[in-house]
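Notes follow the structure.
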Protein chains: 2
Amino acid sequence: MGVDKAIFTPVQSKRAFEEVSSKIKTLIFKGALKPGDKLPSETELASQFNVGRQTVREALRILELSGFITVRKGYGGGPIVQDTILNQISNLFSDAFQMEKISLEQITTARITIERAILEHAMENADSQDIKALEDNLNRAKKKADQNMMCLDENIEFHKLLAKASKNPVFVIVVESVLAIMRAFTSRLPPDPETCKKAVQNHEAIFHGIKEKNVEKAIESLERDFLELKNRLQSLAAQDTAEVET
Amino acid sequence: MGVDKAIFTPVQSKRAFEEVSSKIKTLIFKGALKPGDKLPSETELASQFNVGRQTVREALRILELSGFITVRKGYGGGPIVQDTILNQISNLFSDAFQMEKISLEQITTARITIERAILEHAMENADSQDIKALEDNLNRAKKKADQNMMCLDENIEFHKLLAKASKNPVFVIVVESVLAIMRAFTSRLPPDPETCKKAVQNHEAIFHGIKEKNVEKAIESLERDFLELKNRLQSLAAQDTAEVET
DNA sequence: TCACATTTGTCCGTATGTATC
DNA sequence: AGATACATACGGACAAATGTG
């Protein structure tokens, strides 16, 4: 019976700042450190871990970029535990997009595929609170749309609420991450109330499909929502020829 | 028509190391720096940007974690442009999953839902290279399984190859992240060659389904693969009563 | 408004480890 | 084996920001 390889692997020399950052990370994972908690100052951490301040700073940079902490300077400042992982994921996604590792087409395809699959779970597991949250969202969005105002945040929230209704955190994380990218896209384009209005209509159709337990109707409306959005984005992006580097 | 908020936001004072890292990032985006290119040493960068070495180091940490460079020590070493963005995104996803304490039940449900949806894309887009890669994987796994050896890595790789065959990097990222969590589950349990053997059989069935363009067969086998694995893991976890914190 | 303390941000000098030639 | 070039790491110092009294 062959013993699996990789039992003695951790011999690779981890750099000191990686050691420090992963120790703090572990404390956060274990729940010993919770969002809102204040970490000791850099000098304090340095003496506690018995390393130099520079090492601590590089560890903090890692934790910051990984979305575990934020840092404030000045009196009463310092590192604070705060979960911004989803933001960091969307930042990396937009990097990947700029590197042309990912296209708008691919992201849209992934959204359609994943959210359609999730929708069935959402319809099975949604409770009255979820229904109410969706209804509230639609009311707010409709009010804005009727006044020809933008309702981008509400429209994004609608999809988040759908994922939440599935009662599966894996779905929530995946959907929220992909939505963060979509938001990065749309915020760069000129605002278009017409697109928002269309989306609200599709969301209403999805909602009715859910309430009526009509899976086909819900999925059909969801796909229409995606495709219309993609077409809008593509035509807007095409108009946006005068693109300037920052 | 309401003007969108956040027009005067960019007043925030960017820290020096952020300035440095985003300047280097821009060079990579523009193509002035390509994968394989060697960046100047830390001291060189410090004098060129007219900042201290510590500032450069923190900038390099950011670029490293963002997946733009890797760093080698020693003679002839230094920062090297290298694209590992997609891997870094997967790492962040894994962190996000770990933050929510996800159950085996939830992760299995998510895997079934997501990977089943991806499988259809894989069957549409798989080329001869993908088929060959899957075949190679199966041959290696079978050889090990026949000798009653563990073939966990090969079994995980099989699902990664499926995602890769979809030709959509977003799918690859999601699947790799979910697999990382599954690996965390399995590595905590005692190794069980029987589980591996079963998985290889299911993978073969999936593979044949793909080759025969038989979607139903492939999906059915995929679901069997997941459910058997879940049951195995649950019974193993039940036996493993003496669970201790690390 | 004006100090004042705290903490990050930044720089410098120096020493050590490490990989290549 | 020794020299070289580089990252890694420590300690001290000062500037800048931020909240308190």
Side-chain angles (χ1 to χ4, degrees), chain A residues 9-25 27-28 33 35-82 84 88, chain B residues 8-25 28 33 35-82 84 88:
Chain A
T9 39
V11 191
Q12 54 183 329
S13 67
K14 222 178 186 179
R15 294 173 285 187
F17 62 83
E18 288 173 320
E19 199 74 50
V20 171
S21 70
S22 65
K23 272 189 182 172
I24 296 177
K25 228 192 212 181
L27 288 176
I28 296 176
L33 289 171
D37 288 356
K38 206 170 156 306
L39 263 64
S41 70
E42 293 177 357
T43 47
E44 255 291 305
L45 287 170
S47 71
Q48 286 192 26
F49 283 110
N50 199 28
V51 295
R53 217 187 124 205
Q54 166 155 8
T55 304
V56 170
R57 280 186 64 80
E58 292 183 40
L60 291 179
R61 288 294 83 72
I62 290 181
L63 293 171
E64 199 179 12
L65 205 73
S66 300
F68 288 99
I69 66 167
T70 59
V71 178
R72 280 193 340 221
K73 37 179 192 177
Y75 185 95
I80 297 172
V81 180
Q82 203 158 5
T84 63
Q88 300 303 327
Chain B
F8 296 113
T9 38
V11 192
Q12 53 186 330
S13 67
K14 223 179 185 177
R15 294 172 286 189
F17 62 84
E18 289 174 317
E19 199 75 50
V20 171
S21 70
S22 65
K23 272 189 181 172
I24 296 177
K25 231 193 218 180
I28 296 176
L33 290 171
D37 287 357
K38 204 170 156 308
L39 262 61
S41 69
E42 290 179 358
T43 45
E44 258 295 314
L45 287 170
S47 70
Q48 284 192 25
F49 283 110
N50 199 29
V51 295
R53 286 191 309 288
Q54 165 129 16
T55 303
V56 170
R57 281 185 64 78
E58 293 183 36
L60 292 179
R61 289 293 84 74
I62 289 181
L63 292 172
E64 202 179 8
L65 204 74
S66 301
F68 288 99
I69 66 167
T70 59
V71 179
R72 282 200 334 230
K73 352 181 230 193
Y75 185 97
I80 296 172
V81 179
Q82 204 157 3
T84 61
Q88 298 304 325

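Convention: sequence-line order gives letters A, B, ...; per-chain numbering from 1. When reading the values below, keep in mind they use all heavy atoms of this one structure, side chains included, and skip hydrogens, waters and symmetry mates.
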May I ask you to check whether A/Lys25 and A/Ser66 show a side-chain donor-acceptor distance below 3.5 Å?
-> no
CG of B/Leu45 versus P of C/dC11: gap in Å, rounded?
-> 13 Å
Let me know the distance between CZ of B/Phe17 and C1' of C/dG9, rounded to the nearest Å.
-> 8 Å
Under 6.0 Å from the NZ atom of B/Lys23, do we count more than 12 heavy atoms belonging to anything else shown?
-> no
Output the distance between atom CD1 (B/Ile80) and atom CG (B/Leu33), rounded to the nearest 0.5 Å.
-> 12.5 Å
Roughly how far, to the nearest 0.5 Å, is OG1 of B/Thr70 from CG of B/Leu60?
-> 11.0 Å
Using a 4.5 Å cut-off on heavy atoms from C-beta on, say whether the side chain of A/Val20 contacts that of A/Leu45.
-> no
Short heteroatom pairs, N/O only, protein and nucleotides 5-7 of chain C, under 3.5 Å:
unit_1: C/dT6; atom_1: O2; unit_2: A/Tyr75; atom_2: N; d: 3.2
unit_1: C/dT7; atom_1: O4'; unit_2: A/Gly74; atom_2: O; d: 3.3

Close side-chain approach of A/Arg15 and B/Arg61, heavy atoms under 4.5 Å | yes
Which residues satisfy the side-chain contact (heavy atoms from CB on, under 4.5 Å) test with B/Ala46, sequence neighbours excluded?
-> B/Arg53, B/Val56
Which residues share a side-chain contact (heavy atoms from CB on, under 4.5 Å) with A/Gln54, sequence neighbours left out = A/Glu58, B/Gln54, B/Arg57
Heavy-atom contacts under 4.0 Å between residues 50-59 of chain A and DNA chain C, which residues?
-> A/Arg53, A/Arg57
With sequence neighbours excluded, tell me which residues meet side-chain contact (heavy atoms from CB on, under 4.5 Å) with A/Glu44.
-> A/Pro40, A/Ser41, A/Ser47, A/Gln48
Nearest 0.5 Å please: distance from the OG atom of B/Ser21 over to the CD1 atom of B/Ile69.
-> 10.0 Å
Please give, in whole Å, the distance from D/dA7 P to B/Glu64 CD?
-> 12 Å
Nucleotide C/dG9, atom P - distance to CZ of B/Phe49 in whole Å = 19 Å
Rounded to the nearest angstrom, tell me the gap between atom CG in A/Leu60 and atom P in C/dT8.
-> 8 Å
Side-chain contact test, heavy atoms from C-beta onward, threshold under 4.5 Å: evaluate it for A/Phe68 versus A/Leu27 and give yes or no.
-> no
In degrees rounded to 10°, what angle is found between the helical axes fit to the five outermost pairs at each end of the helix from C/dC2-D/dG21 to C/dC21-D/dG2?
-> 10°
